[in-house]
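The structure appears right after this line, and notes come after that.
Every chain is numbered from 1, with letters handed out A, B, ... down the list of sequences.
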Number of protein chains: 2
Amino acid sequence: MAAKTTSATPAQRPLTRTEKVHRALRLAILEQRLTPGARLPEDMIGEAFGSSRTIAREALGRLAAEGLVELLPNRGAFVANPTLEEGRGIFAVRAALERAMVRQLAGRIDAEVARTLHEMIEEEGRLAAKSDAEAIRLAGEFHLYLAGLTGNPLLERYLTEVVSRCSLVMAMYGRPHSADCGAREHREIVEAMLAGDFARAGDLMEHHVEEVAARAQLGARVDCDVRAVLADFAAQMPKE
Amino acid sequence: MAAKTTSATPAQRPLTRTEKVHRALRLAILEQRLTPGARLPEDMIGEAFGSSRTIAREALGRLAAEGLVELLPNRGAFVANPTLEEGRGIFAVRAALERAMVRQLAGRIDAEVARTLHEMIEEEGRLAAKSDAEAIRLAGEFHLYLAGLTGNPLLERYLTEVVSRCSLVMAMYGRPHSADCGAREHREIVEAMLAGDFARAGDLMEHHVEEVAARAQLGARVDCDVRAVLADFAAQMPKE
DNA sequence: TCTGTCAAGATCGTATGCACTATTGCCGGG
DNA sequence: CCCGGCAATAGTGCATACGATCTTGACAGA
């Protein structure tokens, strides 16, 4: 009952243009090719992809729903530029969701899935030292695979979203090589799940996510909320 | 730090048409005036609201992102028709999020907010016996108010979504008067939060949500997965 | 020099039209 | 009577056009 993988190649319909643009932009943002705060005019996007504004607009709308771009009415779209505070909030939500996920999964992992999990963990270890972007992506994959196992579409959707946004936050505020998820921690979690110890598995995962957040954000650079900065400087100014 | 209410009337810009239609449809779905599974052609919606398909299309897109409508490529939009299984999944996610929410809030509720909370709980008790739709809406309000207190935009967004969808699920599968949230349980949760007992508050809330789900879904009517039903009937048919 | 006004440009909000896809009912052949 | 193909229809996918709104830079007045 917990062995169904998430994608069984569902029809492979030829992808609407909107979706193509959506995916492309999503990737560009997650790989930091489009840096946080960057302006994304509909015209420019349409032109870049050889489509009309209609497409660009719809893609931007979806990205906004995922929290990867911010959509200001009559102003335009910008790559999401989460504050450190928001970043912490995102990690908090992620921790809550992942705890519930592994609790639900504990004791329902069959042998084949267990093998896949162990393989993924090994792969992580191997690639941890390579490119930073790759490491971030790979780390997310383990978590998303687990999400797929739950068979809970909403949980899966939310996790996809928060994992994406966590990647973004880590890329923004994280120290260079802080993205790796720690193969040892993953292993422990899988152990607990296999043992059917849902309480322990949940606690481990919750702690794991919090730990990743803590590791990454040690080197947090001050975020550029212009208003706040100005307020600070205004307060420091010589009076009168 | 936890006393900021969620909406400080942020500019009140005159609401784009898309948003108006979006809200209207949302309400119609949550009040069950548009029943699950109902077809929602863009033309019809545009005509109904005196707008063009563009508006209808965008509103439907947003509703799809919230999970209130299902969008089938080249087929059209339908009011979401969650299976009982999906309903349980939604409640599971909700339980996880609400647990995290009250844990975070515990010990950070000031006197004024506490009074507001107690007022809301009383109001619930008063209105529980009245209209069913009202009861569902009111029950959600308590939870959403708490979400606003966290100051975590993502948590707030997700909770808004799951509360909506839970309402839908309860309306579909719940017994007539099962929607009330139980003022006593709410009171206990607030007590625990005021006492700063975050572990107890979290557990109470998690249990509370699960309890609501259990109460509501006792009378669960079989969900209409056409394929499955047909398979059943096909198997029961006289052979040859 | 500073400030308020205004016009030009950029960009979004919305409407409309055409092309394409999926569904449905019809019809002829078995 | 049943089945497969075909045409009509409904409805979406996408492009384009126009009006509305916001931003920006220039300019005149204090």
Original post:
Where each residue is assigned the nucleotide of DNA chain D containing its nearest heavy atom, which of B/Arg39 and A/Gly50 is assigned the position nearer the 5′ end?
Top reply: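 Final value for this comparison: B/Arg39.
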Original post:
Does atom CD of B/Glu58 have more than 12 heavy-atom neighbours, drawn from other residues, nucleotides or ligands, at distances under 6.0 Å?
Top reply: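 More than 12 within 6.0 Å, yes.
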Original post:
In this structure, are over 12 heavy atoms from other groups packed under 6.0 Å from B/Arg39 atom CZ?
Top reply: yes
Subject >> Nearest-Å distance for atom pair CE/C1', residues A/Met44 and C/dT11 >> reply: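 After rounding, the reported distance stands at 11 Å.
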Side-chain N or O of [X] closer than 4.0 Å to phosphate OP1/OP2 of [N]:
| X | N | value |
| --- | --- | --- |
| A/Arg53 | D/dT16 | no |
| B/Thr18 | C/dT14 | yes |
| A/Ser52 | D/dA15 | yes |
| B/Arg57 | D/dG13 | yes |

**OP:** Give, for atom CG of B/Asn152 and atom CD1 of A/Ile90, the distance between the pair rounded to the nearest 0.5 Å.
**Re:**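 So the CG of B/Asn152 and the CD1 of A/Ile90 are separated by 8.0 Å.
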Original post:
Is there a donor N/O on one and an acceptor N/O on the other, under 3.5 Å, for the side chain of A/Thr54 and the base of D/dT16?
Top reply: yes
**OP:** Compute the bend angle of the helix from C/dT1-D/dA30 to C/dG30-D/dC1 from the end axes (five pairs per end), rounded to 10°.
**Re:** 10°
**OP:** Would you classify A/Arg17 as touching base, sugar-phosphate or nothing, given that sugar-phosphate means primed atoms plus P, OP1 and OP2, and contacts are heavy atoms under 4.0 Å?
**Re:** sugar-phosphate
